Amino acid sequence: MGDSLITVVAIFLAAILMFIFPLMSLAERTDDISSLSVQTSTTEFVDSVRTTGKMTLDDYEAYLGELTATGNTFDVEMLIQQLDENPGVKTTQAEATKIGENLYYNIYTTQIVDQLNRTGRITLKEGDIVTVTVKNTNQTISQMLRNFFYTITGNENAEIVGQHSGIVSVNGSTSAN
């Protein structure tokens with residue numbers, strides 16, 4: 001009886017060592033690759049907006065397509081901080097280095113998507129700030145295995161995250177390209 005119990009435990013441990021840990025390692029590596037892909041896509045999208053001064057619906061949809069190609073679902077949060085042209089009457093010159101503070105007003109994700117769906121583009125000017133943050137909303141295989149074996153409660157922490165922001169360096173043209 002004692003030998004058969006030890007045999008069952010040995011088989012169970014062997015199965016864990018041979019199958020479960022390699023599966024966990026592979027799942028974590030998949031999450032790492034997805035995270036790198038998401039970060040790269042986010043950086044390229046924001047840098048494209050920064051260097052062209054415009055965000056188009058086609059570019060945004062292509063970006064979302066790159067994100068979904070990882071096999072995960074994502075929550076994309078965008079923020080555009082537009083530099084106010086007339087923050088005060090401290091000077092009469094319209095330059096970014098005027099005396100006083102630069103004031104920004106914020107445009108959030110829902111407003112950005114609404115404008116993209118209506119007009120197909122958002123034109124930005126030099127000095128505007130673009131921020132994009134991406135977090136996965138689904139629970140990955142790596143998270144499920146970790147929660148099962150390590151009894152970590154809750155899946156509120158996103159495993160795959162990407163974030164990038166920058167200041168627009170050119171004025172976007174208002175003509176359609």
Side-chain angles (χ1 to χ4, degrees), residues 16 19-83 104-177:
I16 289 175
F19 299 110
I20 303 300
F21 286 126
L23 179 63
M24 287 178 65
S25 177
L26 182 64
E28 287 178 10
R29 181 172 210 121
T30 302
D31 284 356
D32 290 343
I33 292 170
S34 295
S35 184
L36 180 62
S37 174
V38 165
Q39 182 62 44
T40 302
S41 296
T42 302
T43 300
E44 288 174 355
F45 176 68
V46 171
D47 286 346
S48 171
V49 172
R50 280 184 340 93
T51 57
T52 61
K54 64 184 176 186
M55 181 185 298
T56 65
L57 182 60
D58 292 337
D59 292 341
Y60 179 65
E61 288 176 347
Y63 170 63
L64 293 179
E66 290 174 8
L67 294 180
T68 56
T70 64
N72 297 296
T73 57
F74 292 94
D75 177 27
V76 178
E77 295 178 11
M78 294 184 288
L79 172 66
I80 296 176
Q81 294 177 302
Q82 289 191 323
L83 184 62
Y104 288 90
Y105 61 93
N106 296 331
I107 301 174
Y108 297 99
T109 305
T110 54
Q111 297 164 316
I112 294 168
V113 172
D114 286 345
Q115 186 172 347
L116 285 175
N117 287 331
R118 263 187 293 117
T119 63
R121 79 177 357 193
I122 295 175
T123 304
L124 304 170
K125 60 188 173 307
E126 187 176 354
D128 292 349
I129 300 171
V130 179
T131 303
V132 178
T133 303
V134 181
K135 297 177 183 174
N136 70 310
T137 56
N138 63 317
Q139 192 172 23
T140 65
I141 294 173
S142 174
Q143 288 173 310
M144 287 188 283
L145 288 172
R146 240 182 286 127
N147 287 346
F148 179 73
F149 285 107
Y150 303 136
T151 61
I152 300 172
T153 57
N155 60 352
E156 297 158 1
N157 296 331
E159 185 74 23
I160 302 169
V161 178
Q163 181 176 3
H164 193 64
S165 63
I167 298 175
V168 176
S169 59
V170 297
N171 289 328
S173 66
T174 56
S175 64
N177 289 336

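Note that the coordinates shown come from a computational prediction; the quantities given were computed from them, not determined experimentally.
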Trainee: Indicate yes or no: at least one non-hydrogen side-chain atom of Thr51 is less than 4.5 angstrom from one of Val170.
Mentor: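 Not touching, per the 4.5 Å side-chain cut-off.
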Trainee: Could you tell me whether a side-chain N or O of Lys125 sits under 3.5 Å from a main-chain N or O of Leu83, the two making a donor and an acceptor?
Mentor: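 At least one qualifying donor-acceptor pair exists.
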Trainee: Can you find a pair of side-chain heavy atoms, one from His164 and one from Val132, that are under 4.5 Å apart?
Mentor: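 A side-chain contact under 4.5 Å is absent here.
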Trainee: Could you please spell out the steps behind the side-chain contact (heavy atoms from CB on, under 4.5 Å) verdict for Glu28 and Leu145?
Mentor: CA-CA 10 Å; Glu28 287 178 10; Leu145 288 172; over 6 Å; no
Trainee: Tell me if a side-chain donor or acceptor on Thr40 pairs with a main-chain N or O of Leu36 at a distance below 3.5 Å.
Mentor: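 Side chain of Thr40 to backbone of Leu36, a donor-acceptor pair under 3.5 Å: yes, one is there.
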Trainee: Taking salt bridge (charged side-chain N to carboxylate O under 4.0 Å, His left out) as the test, write out the residues that go with Asp114, two or more places apart.
Mentor: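 Residues passing salt bridge (charged side-chain N to carboxylate O under 4.0 Å, His left out) with Asp114: none at all.
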Trainee: Calculate, to the nearest 0.5 Å, the distance between atoms CE and CG belonging to Met55 and Asp128 respectively.
Mentor: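 Result: 10.5 Å between the selected atoms.
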Trainee: Atom CD1 of Ile129 and atom CG of Leu124: how far apart are they, to the nearest 0.5 Å?
Mentor: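 These two atoms lie 11.5 Å from each other.
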Trainee: How many angstroms lie between atom OG1 of Thr110 and atom CD of Gln115, to the nearest 0.5 angstrom?
Mentor: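 Output value for this atom pair is 11.5 Å.
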Trainee: Just by modelled atom types, is the Glu159 backbone N or O under 3.5 Å from a matching donor or acceptor in the Asn136 side chain?
Mentor: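 Yes; judged by distance alone, with no hydrogens or angles, the pair exists.
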Trainee: Roughly how far, to the nearest 0.5 Å, is the OG1 atom of Thr133 from the CD atom of Gln163?
Mentor: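 Taking CD in Gln163 and OG1 in Thr133, the distance rounds to 3.5 Å.
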Trainee: Check this for me: does any side-chain nitrogen of one of Asp32 and Arg29 sit under 4.0 Å from a carboxylate oxygen of the other?
Mentor: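 Looking at Arg29 together with Asp32, the answer is no, because their closest N to O distance does not fall below 4.0 Å.
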Trainee: Taking ring pair (Phe, Tyr, Trp, His ring centres under 6.0 Å) as the cut-off, I'd like each qualifying pair that reaches into residues 23-65, sequence neighbours left out, listed once.
Mentor: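 Counting only pairs at least two positions apart or across chains, the ring pair (Phe, Tyr, Trp, His ring centres under 6.0 Å) contacts touching residues 23-65 are Phe45-Tyr63.
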Trainee: How close do Ser142 and Asp31 get, heavy atom to heavy atom, and via which atoms?
Mentor: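 Looks like CB-OD2, 3.0 Å.
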Trainee: Scan Asn138, Thr137, Thr140 and name whichever one has a side-chain hydrogen bond (donor to acceptor under 3.5 Å, both in side chains) with Asn72.
Mentor: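 It is Asn138, the one option of Asn138, Thr137, Thr140 that forms the side-chain hydrogen bond (donor to acceptor under 3.5 Å, both in side chains) with Asn72.
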Trainee: Is there a donor-acceptor contact under 3.5 Å from the side chain of Thr119 to the main chain of Leu116?
Mentor: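 Judged by distance alone, no pair lies under 3.5 Å.
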Trainee: Report yes if some heavy atom in the side chain of Thr109 is under 4.5 Å from a heavy atom in the side chain of Val76; otherwise report no.
Mentor: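 Not touching, per the 4.5 Å side-chain cut-off.
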Trainee: Kindly give the heavy-atom pair with the smallest separation between Ser37 and Thr70, and that separation in Å.
Mentor: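 Closest heavy-atom pair between Ser37 and Thr70: OG-CG2, 4.0 Å.
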Trainee: Looking at every heavy atom in both Ala27 and Ile141, which two are closest together, and how far apart are they?
Mentor: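 Closest pair (atom of Ala27, atom of Ile141, distance): CB-CG2, 4.0 Å.
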Trainee: With a 3.5 Å distance limit and no angle check, can you tell me whether Ser48 reaches the backbone of Glu44 through a side-chain donor-acceptor pair?
Mentor: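 Not confirmed, Ser48 side chain does not pair with Glu44 backbone.
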Trainee: Looking only at non-hydrogen atoms, find the nearest pair between Ile160 and Ser35 and report the distance.
Mentor: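 Where Ile160 meets Ser35 most closely, the heavy atoms are CG2-CA, 3.6 Å.
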Trainee: Evaluate the side-chain proximity of Val161 to Val38: yes if any heavy-atom separation is below 4.5 Å, no if none is.
Mentor: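 SC-SC contact between Val38 and Val161 ruled out.
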Trainee: Atom CD1 in Ile167, atom CD in Gln81: separation rounded to 0.5 Å?
Mentor: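 Spacing of CD1 (Ile167) from CD (Gln81) equals 9.5 Å.
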Trainee: Return yes when atom CG of Leu23 has more than 12 non-hydrogen atoms of other residues, nucleotides or ligands closer than 6.0 Å, and no otherwise.
Mentor: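 Atom CG in Leu23 is crowded, with more than 12 foreign heavy atoms closer than 6.0 Å.
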Trainee: Within the structure provided, determine whether Leu64 and Leu67 are in side-chain contact (heavy-atom separation under 4.5 Å).
Mentor: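 Heavy-atom side-chain distance check passes, below 4.5 Å.
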Trainee: To the closest 0.5 Å, what do you measure between CG (Asp59) and NZ (Lys54)?
Mentor: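 Going from the CG atom of Asp59 to the NZ atom of Lys54 covers 8.0 Å.
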Trainee: Please enumerate all residues that pass side-chain hydrogen bond (donor to acceptor under 3.5 Å, both in side chains) together with Gln39, with sequence neighbours excluded.
Mentor: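 Only Thr43 meet the side-chain hydrogen bond (donor to acceptor under 3.5 Å, both in side chains) criterion with Gln39.
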